[in-house]
Amino acid sequence: MEKIKAIGFKKHLMTAISFFLPIIVASGFLLAIGNMMGGASIDNFREGFSFADTMTTMGGYGLGFLPMIVSTAIAYSIADKPGIAPGLIVGFVAHGIGTGFLGGVVSGYISGYVVVIMMMIIKVPKWMEGLMPTLVLPFLSAFVAGMVMYYVVGTPITWFTDLITGYLGNLNTSSLFVYGAIIGILASIDYGGAINKVVFAFVFALFSEGIYEPITVLILASMVTPFGLTIAYFIGKVINKNIFNRQEIETLKTAFPMGICQITEGCFPIVLNDLVRNVIATGVGGAIGGGLSMLWGADSHIPASGMFAIPTMTRPWAFIAALAIGSLATAVTILILKKRVDPNAEVVMEEKEEDDVSWDDLTIS
């Protein structure tokens with residue numbers, strides 16, 4: 001187990017996700033805005049295009065070429081700059097042979113570790129050392145990793161992707177709810193942390209194969225906490241059970257609009273004040289909302305953007321209803337778990353005065 005950890009598979013994947021997540025968000029917003037304006041992909045620049053077409057096309061580029069992006073990011077994480085060229089080239093191979101996002105992940109690992117191995121075993125004369133990072137390593141590592149993708153792992157990855165796609169396409173209704181609930185829990189309970197990123201990598205692999213429901217669950221799960229806590233505040237006013245102090249109420253004013261954009265981090269000041277109860281409430285809402293979203297077939301055609309993804313869905317009502325029910329479940333759970341507090345109460349921070357440093361106490365021996 002220690003040897004596996006030393007290889008750093010998880011570390012490099014997390015690095016890659018942190019690299020390409022902003023690309024996904026930016027591309028998703030561009031595509032969503034373009035779709036809302038009636039845009040279409042530009043197939044021939046010379047035939048003319050509209051402003052909406054430019055937005056849709058740019059968003060499509062960002063999402064369509066993610067296998068190359070993730071491959072380059074992983075290879076860079078493993079081998080630093082020498083991994084960029086083979087990571088990009090072999091990522092194009094993964095895209096070209098139809099292995100999708102999963103193939104991009106595999107090609108990144110292959111490229112990166114091939115570069116590392118070659119740096120260890122290839123020795124060149126002193127006069128050739130300057131050519132190592134610009135010619136020898138990029139050429140040889142891209143060649144070797146590319147051949148591995150073409151002749152060794154490409155076919156198994158394609159077969160596995162088709163197998164998963166077929167399996168998920170034939171799930172019955174009860175299984176759909178269970179799968180959605182599992183994704184909803186895992187995607188929500190660590191508020192955008194490592195678990196969420198691993199789940200994202202899995203559901204995005206399905207998204208790249210045209211299975212949109214799992215990633216829609218992840219979008220919903222990222223919104224359940226800010227929506228649920230906001231609903232809890234208003235329900236608390238109705239039933240005369242306030243569970244938020246003054247600072248937390250102020251936090252909700254920014255957490256809710258951030259939640260509309262699928263940004264959970266605005267809730268951190270509230271969540272961290274009572275982590276266990278908030279995690280339980282979030283898990284309940286993520287499970288119920290995620291299960292219903294999967295069951296009802298909510299299908300975002302962009303992998304992020306929160307409420308802005310709704311125009312891309314064929315069943316927007318399913319997403320809105322599942323999000324509302326999941327958020328309500330979070331609100332009810334947190335209201336049950338937490339005790340009533342004074343809404344005007346201040347959070348008292350104890351400040352420890354630092355001792356004055358006297359220069360007279362300093363001695364040089």
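Within a 6.0 Å radius of CE in Met119, no more than 12 heavy atoms belonging to other residues, nucleotides or ligands are found. Heavy atoms from other residues, nucleotides or ligands lying under 6.0 Å from CH2 of Trp317 number more than 12.
Between Val203 and Pro214 the shortest heavy-atom distance is CG1-CB, 3.7 Å. Between Ser188 and Gly286, the closest heavy-atom pair is OG-CA, 4.1 Å. The shortest non-hydrogen separation linking Thr99 to Gly154 is CG2-O, 3.7 Å. When all heavy atoms of Gly266 and Thr251 are compared, the closest pair comes out as O-CG2, 3.3 Å. Residues Ala75 and Gly87 come closest through the heavy atom pair CB-CA, 3.8 Å. Nearest heavy atoms, Gly83 versus Val115: CA-CG2, 4.2 Å.
Atom CG of residue Leu140 and atom CG of residue Leu135 lie 8.0 Å apart, to the nearest 0.5 angstrom. Atom OG of Ser208 sits about 9.0 Å away from atom CG of Leu66, to the nearest 0.5 Å. With values rounded to the nearest 0.5 angstrom, Ile235 atom CD1 is found 13.0 Å from Asn242 atom CG. Leu206 CG to Thr161 OG1: the interatomic distance, rounded to the nearest 0.5 Å, is 9.0 Å. The CD1 atom of Ile89 sits 7.5 Å away from atom OG of Ser141, with the distance rounded to the nearest 0.5 Å. Here the CD atom belonging to Glu213 is positioned 11.0 Å from the CG atom belonging to Leu295, to the nearest 0.5 angstrom.
Side-chain atoms of Leu229 and Cys267, non-hydrogen and from C-beta on, do get closer than 4.5 Å to each other. With contacts defined as side-chain heavy-atom distances shorter than 4.5 Å, the pair Ile334/Asn278 qualifies. The closest side-chain heavy-atom distance from Ile260 to Phe227 is below 4.5 Å. For the pair Ile302/Ser305, a side-chain contact is recorded, criterion being any heavy-atom separation below 4.5 Å from C-beta on. Annotation: side chain of Pro303 is in contact with side chain of Leu63 (closest heavy-atom distance under 4.5 Å). Contact of the Met118 side chain with the Val144 side chain is registered, since non-hydrogen atoms from C-beta on lie closer than 4.5 Å. Within the 4.5 Å cutoff, no side-chain heavy atoms of Met307 are placed close to those of Gln262. Thr264 is not listed as a side-chain neighbour of Val224, based on a closest heavy-atom distance of 4.5 Å or more.
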Please output the side-chain donor-acceptor pairs of residues 22-38 that fall under 3.5 Å, not counting sequence neighbours, one pair per line with the distance.
from  : atom 1 : to    : atom 2 : distance (Å)
Ser27 : OG     : Ile23 : O      : 2.7
Asn35 : ND2    : Leu31 : O      : 3.4

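Every pair tested for ring-ring contact (aromatic ring centres under 6.0 Å, His included) that includes a residue from residues 119-144 fails, sequence neighbours excluded, so the list is empty. Listed by first and then second residue, the salt bridge (Lys or Arg N to Asp or Glu O under 4.0 Å) pairs that reach into residues 284-297 come to none, sequence neighbours excluded. Residue pairs meeting the side chain to side chain donor-acceptor pair (under 3.5 Å) criterion with at least one member in residues 67-96, sequence neighbours excluded: His12-Ser77, Ser71-Ser107. Residue pairs meeting the side chain to side chain donor-acceptor pair (under 3.5 Å) criterion with at least one partner in residues 280-298, sequence neighbours excluded, are Tyr191-Thr282, Thr225-Thr282.
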Margin query: If you apply the rule side-chain contact (heavy atoms from CB on, under 4.5 Å), what do you find for Val90 with Ile110, and how did you get there?
Written below: CA-CA 9 Å; Val90 184; Ile110 293 172; 5.8 Å; no

Notebook entry, point to check: Going through the distances and angles, do Ile74 and Thr15 end up as a side-chain contact (heavy atoms from CB on, under 4.5 Å)?
Noted result: CA-CA 7 Å; Ile74 291 176; Thr15 300; over 6 Å; no

Check: Hey, mind stepping through Val148 and Val153 against side-chain contact (heavy atoms from CB on, under 4.5 Å) and telling me if it holds?
Finding: CA-CA 6 Å; Val148 172; Val153 301; 4.3 Å; yes

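Connectivity analysis of hydrophobic side chains (ILVMFWY, heavy atoms under 4.5 Å, direct or indirect) links Tyr61 to Phe65, Met68, Leu88, Phe92. The other residues sharing a hydrophobic cluster with Ile263 are Met258, where clustering joins ILVMFWY side chains under 4.5 Å apart. Other members of the hydrophobic cluster containing Phe45, listed by chain and number, are Ile42, Phe49; membership follows side-chain contacts under 4.5 Å among ILVMFWY residues, whether direct or relayed.
Between the side chains of Asp299 and Thr314, at least one donor-acceptor pair of N or O atoms lies under 3.5 Å.
Residues satisfying the side-chain hydrogen bond (donor to acceptor under 3.5 Å, both in side chains) test with Asp53, not counting sequence neighbours, are Ser50. With sequence neighbours excluded, no residue forms a side-chain hydrogen bond (donor to acceptor under 3.5 Å, both in side chains) with Ser41. Thr254 is linked by a side-chain contact (heavy atoms from CB on, under 4.5 Å) to nothing, counting only residues two or more places apart in sequence or in another chain. Applying the side-chain contact (heavy atoms from CB on, under 4.5 Å) criterion to Thr230, with sequence neighbours excluded, gives Phe234, Leu252, Phe256.
Leu328 is connected to Ile239 through a chain of hydrophobic side-chain contacts under 4.5 Å among Ile, Leu, Val, Met, Phe, Trp and Tyr, so both are in one cluster. Two different hydrophobic clusters hold Phe319 and Tyr179 under the rule that ILVMFWY side chains link at heavy-atom gaps under 4.5 Å. If you chain together hydrophobic residues whose side chains sit under 4.5 Å apart, Ile185 and Val199 never meet in one group. Taking hydrophobic clusters as Ile, Leu, Val, Met, Phe, Trp and Tyr residues chained together by side-chain heavy-atom distances below 4.5 Å, Phe202 shares a cluster with Phe204. Each of Leu272 and Ile243 belongs to its own hydrophobic cluster when Ile, Leu, Val, Met, Phe, Trp and Tyr are linked at side-chain heavy-atom distances under 4.5 angstrom.
Counting only distance, with no hydrogens or angles, the side chain of Asn240 and the backbone of Gly236 share no donor-acceptor pair below 3.5 Å. Although no hydrogens or angles enter the test, the distance criterion places no donor-acceptor pair under 3.5 Å between the side chain of Glu250 and the main chain of Gln247. For the pair Ser222 (side chain) and Leu218 (backbone), a donor-acceptor distance under 3.5 Å is present. Of the possible donor and acceptor atoms, none in the side chain of Arg315 sits under 3.5 Å from a partner among the backbone N and O of Ala298. Thr312 places a side-chain N or O within 3.5 Å of a backbone atom of His301 that can act as its donor or acceptor partner. Between the side chain of Thr57 and the main chain of Thr54, no donor-acceptor pair closer than 3.5 Å is present.
Centroid-to-centroid, the aromatic rings of Phe200 and Phe207 stay 6.0 Å apart or farther.
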